[in-house]
Amino acid sequence: MKPATDAIAARTTLDDQALLTHELSRIAGQLAPGATAVVDMTRLSGGASQETWAFRAVGGSAVDVGLILRRAPGGWRQADGAAGLETEAAVIRAAGAGGVPVPEVIHVLAPEDGVGRGFITRRVEGETIARKILRDAEFAQARTFLAEQCGGILAHIAKVDVAALPPLRLSPARQQLDDLLRRWRGMNLHKPVFELAFRWLAERCPPDPAQPVLVHGDFRNGNLIIGPDGVRAVLDWEIAHLGDPMEDLAWICVNSWRFGALDKPAGGFGSREQLFAGYEKAGGRKVDPQQVRFWEALGSLRWGIACTGMIDTFRSGLDAGVERAMIARRASETEIDLLNLIAPRA
Amino acid sequence: MQDEPTPQELLTAVAGWLRNELMPVAPADKVFHVRVAANAIDLALRQLAQAGQGDAAERGRLVALLGQDGDLATLNGALAAGIASGAVNADDPAVIDHLYAATLEKLAVDQPAYAAYRRAAGLEGGKARG
């Protein structure tokens with residue numbers, strides 16, 4: 001990033017910080033009983049699709065509540081394909097009512113709040129960094145049951161009453177595959193491994209589900225707040241949709257999220273068998289491992305195409321940062337993962 | 001003829017300076033980016049060191065598989081199109097062998113610490129990542 005751009009970004013963050021602190025202090029009492037102000041407004045991430053801010057609602061000596069704001073970038077912009085922040089808040093509430101561990105939604109921003117679109121949740125303490133969860137001693141006990149627990153959570157997600165959800169896009173396998181192929185053709189690049197994957201997937205595409213269920217869409221390390229006691233909250237419901245529950249079971253097995261633990265396909269902490277057993281035990285339907293394998297390959301291919309797409313983002317100057325360029329050079333990781341899934345060697 | 005140090009020596013020095021001098025004193029929110037920058041230089045150095053050897057091997061295999069000649073981009077385009085249309089039998093072990101070989105050649109430059117690469121290339125043991 002050029003220094004001038006850096007300065008603008010820093011100034012914008014400061015302006016936003018002051019604005020958010022000022023406006024949210026006006027409604028502090030709604031965010032935590034007895035609170036009179038919000039303090040320590042800190043930008044946690046500046047994703048292209050959402051901003052995340054951490055802050056505290058305080059009042060007197062007794063009130064001090066940690067909160068998280070998820071907001072459209074700059075307050076208003078919204079990425080294509082995202083469900084929308086008000087919708088996301090409603091999905092989180094429905095999932096919570098269905099027994100899924102989620103951060104409690106305290107407030108959905110209204111126009112009169114004056115800070116854009118978004119919602120505020122209670123802050124859940126814990127770890128999201130995969131390398132720590134997979135290696136640190138304090139999570140050793142949790143690692144023995146995380147896969148089964150994740151299976152159980154995914155069963156609860158799949159069982160959320162669809163009638164209780166806001167309208168969500170329906171996204172079954174065939175449509176995802178067609179959309180991805182269209183995107184890939186639009187890039188006009190030649191990768192024989194991706195072509196092999198598209199062929200393999202087309203031959204195995206499961207039929208549209210008779211009863212589409214809630215699918216989180218990005219259930220993996222990084223989006224799970226984990227403590228020594230296990231999963232405390234499932235975050236980032238931004239791309240939740242209706243579809244095939246096997247999609248979520250597969251996405252957490254995609255090798256990119258195992259962080260080197262090749263032989264522990266479920267998130268790098270457990271086996272597929274543990275994950276599936278947890279799912280079935282919690283009332284999920286019988287798992288078809290071949291369909292999960294389809295979705296795992298589709299997930300790897302989607303991530304590989306997303307990495308490849310960074311070439312354009314980088315070259316167009318939209319984000320000319322080194323990080324962006326280096327993500328483009330990770331597409332080959334998904335190519336070996338795809339070969340291992342499609343044509344495994346003994 | 002250009003004078004020395006060579007581009008490789010210059011880039012190696014820059015990567016070392018980023019890691020050893022800048023990273024320890026960089027502001028907390030820039031440490032990650034310094035590391036990424038050093039990694040990018042390492043990647044470019046691996047590609048320079050390879051000096052087209054992998055490309056030559058890949059081209060040789062593609063000529064044999066496809067029965068046509070051309071530059072690497074053209075041949076890869078022909079293989080991709082052939083797999084997509086079914087004109088190339090994607091179940092043919094020779095095709096799969098080639099795809100593994102080409103992918104490992106890429107990863108040796110892109111991400112040699114990626115665990116799935118190290119296993120597929122028979123390099124397990126030692127430091128792995130990813």
Side-chain angles (χ1 to χ4, degrees), chain A residues 1 6 9-10 13 43-46 130-131 181 184-185 188-200 202-203 254-264 268 300 304 307 314 321-345, chain B residues 29-30 32-44 46-47 58 62 65 72-86 88 90-91 93 95-111 113-121 124 127-130:
Chain A
M1 196 183 270
D6 252 349
T13 299
R43 176 93 174 254
L44 293 185
S45 73
R131 277 163 221 289
L181 182 60
W184 174 240
R185 290 283 173 260
N188 200 23
L189 294 169
H190 306 301
K191 282 185 190 276
V193 173
F194 285 1
E195 298 299 342
L196 174 74
F198 273 117
R199 255 194 102 75
W200 187 89
E203 286 163 7
V254 167
N255 190 43
S256 304
W257 318 130
R258 292 183 211 165
F259 298 90
L262 293 181
D263 300 314
K264 292 180 176 158
S300 260
C307 289
F314 174 70
V322 184
E323 187 187 1
R324 210 44 81 157
M326 285 296 278
I327 294 174
R329 297 293 297 254
R330 296 186 62 177
S332 47
E333 295 180 353
T334 68
E335 292 182 43
I336 192 67
D337 292 340
L338 284 165
L339 286 172
N340 281 330
L341 277 166
I342 292 169
R345 288 178 156 174
Chain B
D29 65 331
K30 298 283 185 240
F32 172 74
H33 295 96
V34 174
R35 184 179 298 122
V36 172
N39 289 345
I41 293 173
D42 288 351
L43 189 158
R46 287 192 295 272
Q47 191 159 339
E58 186 177 0
L62 284 166
L65 271 181
L72 198 48
T74 306
L75 292 170
N76 257 312
L79 179 60
I83 291 172
S85 71
V88 170
D91 296 327
V95 172
I96 297 296
D97 284 350
H98 163 72
L99 294 177
Y100 264 101
T103 300
L104 295 183
E105 283 156 8
K106 284 206 280 190
L107 279 162
V109 170
D110 284 349
Q111 304 294 339
Y114 192 59
Y117 162 73
R118 295 184 61 80
R119 178 170 295 178
E124 276 186 308
K127 194 163 170 256
R129 180 198 65 72

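Throughout, a chain's letter reflects where its sequence line sits, starting with A, and its residues are numbered from 1. Just so you know, these numbers come straight off a predicted model, no measurement behind them.
Of the atoms belonging to B:S85, it is backbone heavy atoms, and not side-chain ones, that fall under 4.5 Å from chain A. Only the side chain of A:D337 comes within less than 4.5 Å of a heavy atom in chain B; its backbone stays farther off. At a 4.5 Å heavy-atom cutoff, B:D29 makes no contact with chain A through either its backbone or its side chain. With a threshold of 4.5 angstrom between heavy atoms, B:E105 does not approach chain A through any atom at all. For a residue to count as touching a neighbouring chain, one of its non-hydrogen atoms must lie under 4.5 Å from one of that chain's; by this rule A:R329 touches chain B with backbone and side chain alike.
B:A37 approaches A:V322 most closely through the heavy-atom pair CA-CG1, 4.1 Å. Pairing each heavy atom of B:Q111 with each of A:M326, the nearest pair is NE2-O, 4.3 Å. Scanning both residues, B:A84 and A:E195, for their nearest heavy atoms gives CB-OE1, 3.5 Å. Minimum heavy-atom separation, B:K106 to A:S332: CB-CB, 4.1 Å. Here the shortest heavy-atom pairing between A:H190 and B:A80 reads CB-CB, 4.2 Å.
For B:V88, the side-chain contact (heavy atoms from CB on, under 4.5 Å) criterion is met by B:L66, B:L79, B:I83, B:V95, not counting sequence neighbours.
Of the listed residues A:I342, A:N340, A:L262, the one with more heavy-atom pairs under 4.5 angstrom with chain B than any other is A:L262. Among the candidates B:A90, B:P93, B:A40, the residue making the largest number of heavy-atom pairs closer than 4.5 Å to chain A is B:A40.
Interatomic distance, CG of B:L104 versus CD of A:E335, reported as 10.5 Å (0.5 Å rounding). The CZ atom of A:R330 sits 7.5 Å away from the OH atom of B:Y114 when rounded to the nearest 0.5 Å.
Remark: the backbone N or O of A:L339 is paired with a side-chain donor or acceptor of B:Y100 at under 3.5 angstrom.
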Practice item. Test side chain to side chain contact (heavy atoms under 4.5 Å, CB included) on B:V36 and A:R324 and set out the steps. Key: CA-CA 10 Å; B:V36 172; A:R324 210 44 81 157; over 6 Å; no
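A salt bridge is absent between B:D91 and A:R199; no separation between the charged side-chain nitrogens and carboxylate oxygens falls under 4.0 Å.
Only one option out of B:L107, B:D110, B:T103 pairs with A:E333 in a side chain to side chain contact (heavy atoms under 4.5 Å, CB included); it is B:L107.
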